[in-house]
J.: 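Before I ask anything, let me first share the structure, which is written out below as structure tokens.
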There are 4 protein chains.
Amino acid sequence: MPRTERQFKDIRELKRSQIMDSALHLFAQKGFDSTSINMIAKRAGISKGLIYNYFESKEDLITILIHNGFDKFFTEFDPNNDGVLTDLEFEHFIDKTFEVLKSNLHFWKLYFMVMAQPQVLKLVEKKLMELIIPLLTILSEYYTSKGIENPMAYARFFGAMIDGVCLNYIVDPENFPVEEIKQIIKNKFI
Amino acid sequence: MPRTERQFKDIRELKRSQIMDSALHLFAQKGFDSTSINMIAKRAGISKGLIYNYFESKEDLITILIHNGFDKFFTEFDPNNDGVLTDLEFEHFIDKTFEVLKSNLHFWKLYFMVMAQPQVLKLVEKKLMELIIPLLTILSEYYTSKGIENPMAYARFFGAMIDGVCLNYIVDPENFPVEEIKQIIKNKFI
Amino acid sequence: MPRTERQFKDIRELKRSQIMDSALHLFAQKGFDSTSINMIAKRAGISKGLIYNYFESKEDLITILIHNGFDKFFTEFDPNNDGVLTDLEFEHFIDKTFEVLKSNLHFWKLYFMVMAQPQVLKLVEKKLMELIIPLLTILSEYYTSKGIENPMAYARFFGAMIDGVCLNYIVDPENFPVEEIKQIIKNKFI
Amino acid sequence: MPRTERQFKDIRELKRSQIMDSALHLFAQKGFDSTSINMIAKRAGISKGLIYNYFESKEDLITILIHNGFDKFFTEFDPNNDGVLTDLEFEHFIDKTFEVLKSNLHFWKLYFMVMAQPQVLKLVEKKLMELIIPLLTILSEYYTSKGIENPMAYARFFGAMIDGVCLNYIVDPENFPVEEIKQIIKNKFI
DNA sequence: TATGAATGAGCCTTCATTCAT
DNA sequence: GATGAATGAAGGCTCATTCAT
């Protein structure tokens with residue numbers, strides 16, 4: 001009996017996600033250029049050629065990987081965007097950030113790889129902006145509501161700081177005192 | 001008659017620094033793997049082969065570049081390390097950091113490339129640790145003197161935050177409100 | 001639909017042996033260093049890159065070529081190794097040696113190239129010893145059975161003499177009186 | 001006071017022989033292609049460029065090296081070539097051969113490298129023939145005088161055998177029983 | 001859909017040789 | 001005579017991508 005269309009779709013999606021898992025892992029571990037298509041295929045348990053059945057190119061693959069990660073990340077923060085962050089929502093936002101950081105180490109490695117590699121950054125710059133700007137806007141509004149004079153600078157500063165903490169955590173997750181730092185942030189920024 | 005020793009030395013120093021300039025620029029602009037030895041040579045106005053007269057390998061070249069940058073950077077912060085940072089010294093430290101950041105954009109791009117590329121990070125990890133640990137120690141002592149409970153976490157947080165600010169500045173120097181953020185940092189952390 | 005496993009195996013075996021033929025020919029004709037991978041590929045009618053699909057490196061290629069030749073050669077001399085060479089077996093051994101020499105000129109050129117090139121010798125020294133020692137042992141036993149006083153020296157001498165004859169034949173196969181010399185050897189050594 | 005012409009000549013000859021020593025040593029140890037002009041210069045304690053003041057090219061250098069060795073070798077065997085080798089002279093010839101072999105290991109390594117490397121052999125083939133033919137002639141005459149039927153085959157065989165013994169000695173001088181073998185040769189061939 | 005053989009551009013590196021000084 | 005900086009061709013090797021099956 002031939003497979004149903006549904007089954008085909010399931011297989012395709014399974015393969016696709018196997019490839020993406022493999023690629024995410026390897027890119028994060030070894031970097032973009034040092035990871036070959038062959039390695040990704042091997043780790044995914046498929047053949048080299050098949051990857052091109054699911055992705056157009058290596059660049060396409062990393063681009064989709066990053067877009068994907070962004071979407072997952074920002075979806076989590078979909079506050080009922082009625083108006084302005086409350087303090088409670090803000091605290092929740094911070095908690096969530098650290099949660100996501102710890103459970104998606106690979107993706108965050110990729111993210112910083114991207115920020116630091118002009119060649120790769122170009123591929124996702126646009127998307128990154130699309131996502132970050134609303135976030136900065138929300139933060140900025142939060143600070144406005146707190147009566148702060150230069151709310152956008154505050155927002156960008158907050159974002160940068162989070163970046164820095166994530167980066168340091170990623171480079172040395174064993175020793176970076178991430179819990180204490182979360183507390184410090186809460187005390188200082190809420 | 002051969003050139004005098006002095007002449008040889010001058011030539012070597014000039015060429016070496018031309019190569020390093022060229023390499024720093026290109027690595028920062030395009031990343032490590034995407035910069036070829038050939039491009040470095042062309043930009044330095046010399047032949048490919050000559051680079052190997054001055055550096056053992058491409059890895060050697062970037063390693064030296066980074067060590068160099070580290071040394072330059074940390075030399076600037078040689079406070080009369082008699083004991084503990086005063087508030088004034090701390091403020092000066094922050095000013096200096098931003099000053100150095102703005103005038104060595106290329107190096108700092110390189111620095112974050114390094115942090116984010118496992119393959120390159122390995123080359124300079126040891127040196128990086130050697131330099132960062134004393135810095136963290138000084139910061140930690142500063143926070144101890146302020147009566148803060150968890151000074152090392154504070155120190156690491158401060159370091160991470162600076163990293164994040166630098167990273168954001170580097171990615172988009174035109175629009176990042178670096179001056180305002182410096183003020184925010186001073187207000188919040190001194 | 002991918003090729004069957006059988007088809008892949010056939011392709012691989014064919015190509016592999018094409019490459020080895022080409023390499024053997026060229027190494028024997030021009031020497032190891034003077035033969036480029038590109039030349040081997042061209043002569044085999046394939047692309048440079050493909051060679052690395054079959055051999056890890058140029059050194060790997062020559063190593064396998066030599067091991068291969070050794071194995072073929074020594075397999076031919078698998079006398080029913082019950083005990084000691086009879087005179088008849090010894091004569092047969094000599095005949096065989098010359099037969100093999102004449103029909104595998106390329107391999108023997110390679111063999112002497114190896115003996116004379118430290119850099120290549122290192123690659124196959126171990127294997128060479130493994131094969132030669134049993135041969136010398138058999139010869140030594142033969143001479144012992146003949147009541148000769150210093151049988152191992154005799155064995156090594158015999159081996160060396162054969163080497164010399166082969167070497168001279170290889171350098172100038174047209175003019176070297178190999179048949180007459182075979183007779184001389186039989187008269188003198190059996 | 002400027003150097004006299006004689007002094008200049010002495011310096012030139014000294015340098016030249018330093019270069020040749022260095023080259024002989026390295027070629028014998030590492031092979032022709034694996035020895036760079038730079039290594040030769042370093043070992044000779046001079047600069048790379050100076051070598052080209054004494055030799056036209058790397059090929060020229062090895063050619064001269066080999067011609068030189070040949071000349072030295074064959075000069076030693078200058079028997080008062082009045083007519084035919086006596087048995088005593090033949091024994092002396094054998095002794096001399098082994099003596100020369102043991103005291104000029106480097107040269108003999110070079111010699112076999114040459115025999116085995118077509119690319120290098122071409123450079124010295126002509127000279128080699130010029131020297132070997134008279135030697136073979138003398139040997140041939142010796143065997144003629146002994147009433148042997150096929151004296152030239154005998155002569156070539158003897159030459160080949162000596163080659164083989166030398167080759168084996170060179171590859172493993174520690175363990176090759178060269179003295180015993182000399183005796184075997186004397187017993188068998190005089 | 002799936003395979004892996006095949007290509008070829010491009011990379012890092014070496015090195016004989018030249019040449020200004 | 002002497003130096004070593006400089007060149008550039010050539011080599012080994014990798015790898016994204018294509019394609020016949």
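Within every chain, numbering begins at 1; the chains are lettered A, B, ... in the order of the sequence lines, protein sequences first and strands thereafter.
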J.: By the 4.0 Å heavy-atom rule, please label A/Phe55 as base, sugar-phosphate, or nothing.
T.: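 Nothing: the residue A/Phe55, judged by heavy atoms under 4.0 Å, touches no strand.
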
J.: Between A/Phe70 and A/Phe107, does a side chain to side chain contact (heavy atoms under 4.5 Å, CB included) hold up when you go through it step by step?
T.: CA-CA 9 Å; A/Phe70 284 164; A/Phe107 172 70; 3.7 Å; yes

J.: One character per nucleotide, please: for nucleotides 14-21 of chain E, 5' to 3', B when the base has a protein heavy atom closer than 4.0 Å, S when only the sugar-phosphate does, - otherwise.
T.: B-SBB-BB

J.: Side chain of C/Lys58, backbone of C/Phe32: donor and acceptor closer than 3.5 Å?
T.: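 Flag set: sc C/Lys58 to bb C/Phe32 pair under 3.5 Å.
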
J.: When we call it a touch if two heavy atoms are under 4.0 Å apart, what does C/Ile46 touch: a base, just sugar-phosphate, or nothing?
T.: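 Since only primed, P, OP1 and OP2 atoms lie under 4.0 Å of C/Ile46, the category is sugar-phosphate.
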
J.: Does any N or O in the side chain of A/Ser22 come within less than 3.5 Å of the main-chain N or O of A/Ile40, such that one atom is a donor and the other an acceptor?
T.: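 Yes, because the side chain of A/Ser22 sits within donor-acceptor range (under 3.5 Å) of the backbone of A/Ile40.
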
J.: Picking from C/Arg6, C/Gln7, C/Glu5, what satisfies side-chain contact (heavy atoms from CB on, under 4.5 Å) with C/Arg3?
T.: C/Gln7

J.: So if I take every side-chain heavy atom of D/Asn53 and compare against F/dG1, F/dA6, E/dT1, which nucleotide ends up nearest?
T.: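 That would be F/dG1.
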
J.: Walk me through whether B/Leu65 and B/His106 qualify under side chain to side chain contact (heavy atoms under 4.5 Å, CB included).
T.: CA-CA 11 Å; B/Leu65 233 34; B/His106 285 321; over 6 Å; no

J.: Check whether any side-chain N or O of B/Thr35 sits under 3.5 Å from a backbone N or O of B/Lys30 as a donor-acceptor pair, and report yes or no.
T.: no

J.: Can we say A/Lys127 and A/Asp71 salt-bridge, meaning some charged N sits less than 4.0 Å from an Asp/Glu carboxylate O?
T.: yes

J.: With Watson-Crick and G-U wobble geometry limited to distances under 3.5 Å, how should the secondary structure of DNA chain F be encoded in dot-bracket form, using | for bases paired to another strand and [ ] for crossing pairs?
T.: .||||||||||||||||||||

J.: To the nearest 0.5 Å, what is the distance between CD1 (A/Ile62) and NE2 (A/His67)?
T.: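 Nearest 0.5 Å value for the CD1-NE2 distance: 10.5 Å.
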
J.: Under 6.0 Å from the CD atom of C/Glu56, do we count more than 12 heavy atoms belonging to anything else shown?
T.: no

J.: Can you tell me if the side-chain N/O atoms of D/Arg12 get under 4.0 Å from OP1 or OP2 in F/dG1?
T.: yes

J.: Tell me, which of residues 15-27 of chain C have any heavy atom that sits under 4.0 Å from an atom in DNA chain F?
T.: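 Under 4.0 Å from DNA chain F: no residue of residues 15-27 of chain C.
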
